[in-house]
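Structure record follows, encoded as structure tokens.
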Amino acid sequence: MELTFLLCLLATVVTPYGSRLAAYPLEMVLFQSANLRSNTEFLPIPLHSFEGELFLALLLFFIVFVALARPVFRVEEAALFLFATYEALAHVRLILFFVLIFAPLLAKALDRWLPAGKDNREHPILNAVLLCFTIAILVELFPSRSQISRAIARNFPSGAVAYLSRHQVPGPMFNELSWGGYLIWSLGPKHRVFIDGREDIYDYAGVLSDYLGIIDGQSRAFFLLRKYGVDSCLTLRKSKLARLLGASPDWKVVYQDQMSVIFLRAGMNKVAGQEGVGQGDLLPAK
């Protein structure tokens, strides 16, 4: 394992980026404060959620089992387990790291309770049955085109994208971070996004921090929109930014549905070649 670790460590520098890839975790911690502060993957695990409660239940079960069964662990194993547990509680993304540490320790704790068979031969028939069962589950759960379309409609502004495809909405356009990749995929290079899911790229120049100031509807949101020359905004209909723009006479709604809303800076309608908004494109405001 030590040799494997050493080889893996050496392999991290055999990339087009040289040693920068190996140093990237440290670079993220030191220079991506907005990313670490806003990205849910780096936030503490939400203990009130189903996943958080399941994690705590598993952790409690393991602690109680260890207290009763008293398996023997080495000091470094116990220290690594405590470190992995802390990191998993502090950062959701590191639950995967916790699994890598926890699984061998759980197997070691349960080992004494399993029958110690003397037959160490492989069981190809049983392995084949399990493999076929796994493949059957994957095939059954593989989403159809209609399921994918429904998932897109539930999570992404497909109606707003259809509107943007039919109308010449002036830019630059501000958009929700989680919608950036979908906008790039659906509208192509003709529609330039304000931000997308690659938060680390936008953090270096301060764009991510400015995005958070805008999307949270902070007092400096209007200044930041002017800073980037934003003439239109695509955001969640019930977001703080939507409430802020909706209360401003400088912004007008040109499209909205149950999920999303498009605001246009006042005076830009004629520039966009729009004298008004059709009833099919605009829901009654509530």
Side-chain angles (χ1 to χ4, degrees), residues 1 4-5 7-8 11-12 25 39-66 68-69 71 73 77 80-81 83-159 161 176-186 196-200 236 258-259:
M1 291 185 65
T4 302
F5 175 76
L7 293 175
C8 290
T12 59
N39 194 328
T40 55
E41 293 185 2
F42 299 113
L43 297 179
I45 181 173
L47 299 179
H48 60 277
S49 64
F50 172 76
E51 293 80 6
E53 293 175 351
L54 183 62
F55 177 80
L56 288 180
L58 179 64
L59 193 61
L60 181 62
F61 163 78
F62 181 73
I63 293 174
V64 172
F65 180 80
V66 168
L68 296 176
F73 295 115
E77 290 177 330
L80 195 57
F81 170 75
F83 175 73
T85 301
Y86 168 78
E87 290 297 329
L89 290 171
H91 309 286
V92 175
R93 190 170 191 171
L94 292 182
I95 288 182
L96 294 176
F97 171 68
F98 171 82
V99 170
L100 296 176
I101 304 301
F102 176 73
L105 297 180
L106 179 62
K108 184 176 181 179
L110 296 176
D111 180 64
R112 59 183 296 184
W113 299 92
L114 298 176
K118 297 182 179 179
D119 187 2
N120 295 324
R121 294 178 300 173
E122 292 287 342
H123 302 278
I125 297 179
L126 177 60
N127 292 339
V129 171
L130 292 175
L131 184 60
C132 291
F133 179 71
T134 303
I135 293 175
I137 292 178
L138 292 175
V139 172
E140 177 64 24
L141 296 179
F142 196 83
S144 63
R145 288 185 177 271
S146 60
Q147 290 175 320
I148 293 176
S149 298
R150 289 195 296 269
I152 290 176
R154 286 195 306 269
N155 297 282
F156 297 101
S158 55
V161 165
E176 293 273 346
L177 183 150
S178 59
W179 293 348
Y182 174 71
L183 294 174
I184 294 173
W185 172 75
S186 56
D196 57 62
R198 296 167 289 186
E199 293 97 327
D200 49 349
L236 285 165
Q258 298 299 332
M259 174 185 293

Practice item. Step by step, work out the side chain to side chain contact (heavy atoms under 4.5 Å, CB included) result for Phe156 and Val161. Key: CA-CA 9 Å; Phe156 297 101; Val161 165; over 6 Å; no
Practice item. Apply the test side chain to side chain contact (heavy atoms under 4.5 Å, CB included) to residues Phe65 and Leu110: give CA-CA distance (whole Å), side-chain angles for both, the deciding distance (0.1 Å), then the verdict. Key: CA-CA 9 Å; Phe65 180 80; Leu110 296 176; 3.6 Å; yes
Practice item. Show your reasoning for whether side chain to side chain contact (heavy atoms under 4.5 Å, CB included) applies to Glu77 and Lys108. Key: CA-CA 11 Å; Glu77 290 177 330; Lys108 184 176 181 179; 3.1 Å; yes
Practice item. Given side chain to side chain contact (heavy atoms under 4.5 Å, CB included), test Leu47 with Glu53 step by step and report yes or no. Key: CA-CA 6 Å; Leu47 299 179; Glu53 293 175 351; over 6 Å; no
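For Phe73 and Phe81, the gap between ring centers reaches or exceeds 6.0 Å.
Residues Leu59 and Thr85 have side chains in contact (heavy-atom distance under 4.5 Å, counting atoms from C-beta outward). Contact check for Leu236 versus Pro157: no side-chain heavy atoms found under the 4.5 Å cut-off.
Atoms CZ and CZ, on Arg150 and Arg145 in that order, are 14.0 Å from each other to the nearest 0.5 Å. Here Leu89 contributes atom CG and Leu94 contributes atom CG; the two are 10.5 Å apart, rounded to the nearest 0.5 Å. Between atom CD1 of residue Ile101 and atom CG of residue Leu80 there is a gap of 3.5 Å, rounded to the nearest 0.5 Å. Note that CD1 of Ile95 is 8.5 Å distant from CD of Glu51, once rounded to the nearest 0.5 Å. Here Phe142 contributes atom CZ and Gln147 contributes atom CD; the two are 10.5 Å apart, rounded to the nearest 0.5 Å. Taken to the nearest 0.5 Å, the CG atom of Asp196 stands 9.5 Å off from the CG atom of Leu183.
Note: Tyr182 and Trp185 have tilted aromatic rings, judged against thresholds of 30 and 60 degrees for the angle between ring planes. A perpendicular orientation is assigned to the rings of Phe83 and Phe97, their planes being inclined by more than 60° (bins at 30° and 60°).
Nearest heavy atom pair, residue Phe42 against residue His91, reads O-ND1, 2.7 Å. The two atoms that bring Ala153 and Ser158 nearest to each other are CA-OG, 3.9 Å, heavy atoms only. The shortest heavy-atom contact between Ile45 and Gly52 is CD1-CA, 3.9 Å. Between Glu199 and Asn39, the closest heavy-atom pair is OE2-ND2, 3.6 Å. Scanning all heavy atoms of the two residues, the minimum distance from Val66 to Pro71 falls at O-CD, 3.5 Å.
Other residues, nucleotides and ligands contribute over 12 non-hydrogen atoms within 6.0 Å of the CG atom of Leu131.
For Leu141, the side-chain contact (heavy atoms from CB on, under 4.5 Å) test picks out Ile137, with sequence neighbours left out.
Considering Phe55, Phe102, Phe98 as possible partners of Phe62, the one that fulfils the ring pair (Phe, Tyr, Trp, His ring centres under 6.0 Å) test is Phe102.
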